[in-house]
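What follows is one structure encoded as structure tokens, with my remarks underneath.
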Number of protein chains: 2
Amino acid sequence: MRTLTRKGAATRQRILEGAAAHIREHGVAGMTLDDVLARTATSKSQLFHYFPDGREELLLAVARFEADRVLEDQRPQLGDLTSWPAWRSWRDKVVDRYRRQGRLCPLNSVTSQLGSRTPGAQAVVTELMHRWQAEIATGVRHMQEAGEIDPGLDPDRAAAALLAGIQGGVLIQMSTGETDHLEAALDMGIAHLRASRLAPS
Amino acid sequence: MRTLTRKGAATRQRILEGAAAHIREHGVAGMTLDDVLARTATSKSQLFHYFPDGREELLLAVARFEADRVLEDQRPQLGDLTSWPAWRSWRDKVVDRYRRQGRLCPLNSVTSQLGSRTPGAQAVVTELMHRWQAEIATGVRHMQEAGEIDPGLDPDRAAAALLAGIQGGVLIQMSTGETDHLEAALDMGIAHLRASRLAPS
DNA sequence: GCTAGTATGGACTAGCGAGTCCAGTCTGGG
DNA sequence: CCCAGACTGGACTCGCTAGTCCATACTAGC
């Protein structure tokens, strides 16, 4: 696997995306290597050729793949939180994204499977959270500069709280199937930011 | 298993608690039936005697066991959210509980393992969330009656948002090991309630 | 202290699924 | 056109683990 030909890269990608798709449908526990092979019309030797450490390496690759999608799916809104309508638009996009995704969260599934053993999975999630939080915080700072949010409010902490609300909303959705909590958390978080200018907390 | 003698009930309980303990330490994926047997000094036949459906039934029982603990661990504060210091005290208790628990969340672990297959696991979590949210909402109503929270605010929705923040904070803690997000979410949620009287959102 | 039902021990099975291996095919640079 | 190295097919091993089975030991009510 030192060098990949075009054909090889394509096969590797096919396996990766096939695994990701299967996990989105059946969860990690419901994914066997043979499932992926059948679905992607590949063979054992190919899988182990491109992912020498087997299942674990594949799962980690899927985690990275899914983590990248998360922020991308929020663009361009996430990077442009410069007005209240923009915040609203972002909020709607987040809700919509997770409503579409349904009850299974690939990332949560993967990380809770790989668990604490491998540092890799945790690292992927941690980095995702940091980047996500940073982008929200940037939005908060924009609004502070525009005089729309109390300048005394800590942008990182506000972003942390908002992010936690999103995560929890999605988590609850996985059990209930409803996005009520996600929406409530986002709305309350944003409402708090808007209100801060009037009544600093 | 129609009737249990005292001895039988004790054995069943030992198995259940042993499984719960093992899961808290190693996660569901890291739990095999033999692990539980070794740990609880019981035999296969006993396990299947008390949990005829085997692993799945045991896991479900553990889920119920853990779900019960969650709310109990927040008492008496959770049931007495009648003043701002009481809210603060509850907030501290929640943070402390999850800080102690560390990076592994048994419930999340179990449900994401049992996954969507069995309706049981989802039901356990859903019911826990409902009860939790209801208790928070009751606290909000108390404060509204005391004139400490804007009466125009929807208590259930506020409780939903706060609950989502908690869940997300805990989820993030599972990756990062830090309770920062949990604390930020709780603090922001409560701050928003307090501020609502001054500046209704 | 009899006996019906409960509790327990532990060997055994069966099947799944990850990972190995080797033999054969393709590809691209020289 | 040649050959080193990338790519592919698929049979095979092997460990692990859930679940079964039967023989035995206990217990409680009568």
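Just so it is clear: chains get the letters A, B, ... in the order the sequence lines come, proteins before strands, and each one is counted from 1.
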I need a per-nucleotide contact map over nucleotides 19-30 of chain C, read 5' to 3'. Cutoff is protein heavy atoms under 4.0 Å; write B for the base, S for backbone only, - otherwise. BBB----SS---
Short side-chain N/O contact from A:Gln46 to OP1 or OP2 of D:dC7, under 4.0 Å: no
What contact category does B:Ser43 fall into here, base, sugar-phosphate, or nothing, at under 4.0 angstrom with non-hydrogen atoms? base
Whole Å only: how far is the CD atom of A:Gln13 from the P atom of D:dC7? 14 Å
So, for A:Ala67 and A:Val124, which heavy atoms are closest and what is the spacing to 0.1 Å? CB-CG1, 3.7 Å
Protein-nucleotide distance (B:His49, atom NE2; C:dT8, atom C1'), rounded to Å: 9 Å
Measure the distance from CG on B:Leu37 to P on C:dT8 and round it to the nearest whole Å. 12 Å
Is there side-chain contact between A:Lys44 and A:Leu37, with heavy atoms separated by less than 4.5 Å? yes
Main-chain N/O of B:Cys105 paired with B:Ser109 side-chain donor or acceptor, under 3.5 Å: no
Looking only at non-hydrogen atoms, find the nearest pair between A:Asp156 and A:Ala137 and report the distance. OD1-CB, 3.5 Å
Measure the acute angle between the ring planes of B:Trp87 and B:Trp84, then classify it against the limits of 30° and 60° as parallel, tilted or perpendicular. tilted
Side-chain donor or acceptor of B:Glu178 paired with backbone N/O of B:Gln173 under 3.5 Å: no
Sub-4.5 Å side-chain heavy-atom contact between A:Gln74 and A:Glu135: no
Grab the CD-P distance between A:Glu57 and C:dA18 for me, whole Å please. 15 Å
Does A:Tyr50 put a side-chain nitrogen or oxygen below 4.0 Å from OP1 or OP2 of D:dA6? no
Rounding to a whole Å, what distance do you find between B:Leu4:CG and D:dT27:P? 15 Å
Less than 4.0 angstrom between a side-chain N/O of B:Thr3 and OP1 or OP2 of C:dG5, yes or no? no
For A:Leu47 and C:dA18, what is the distance between atoms CG and P respectively, to the nearest whole Å? 9 Å
Atom-pair distance (CG on A:Leu59; C1' on C:dA18), nearest Å: 13 Å
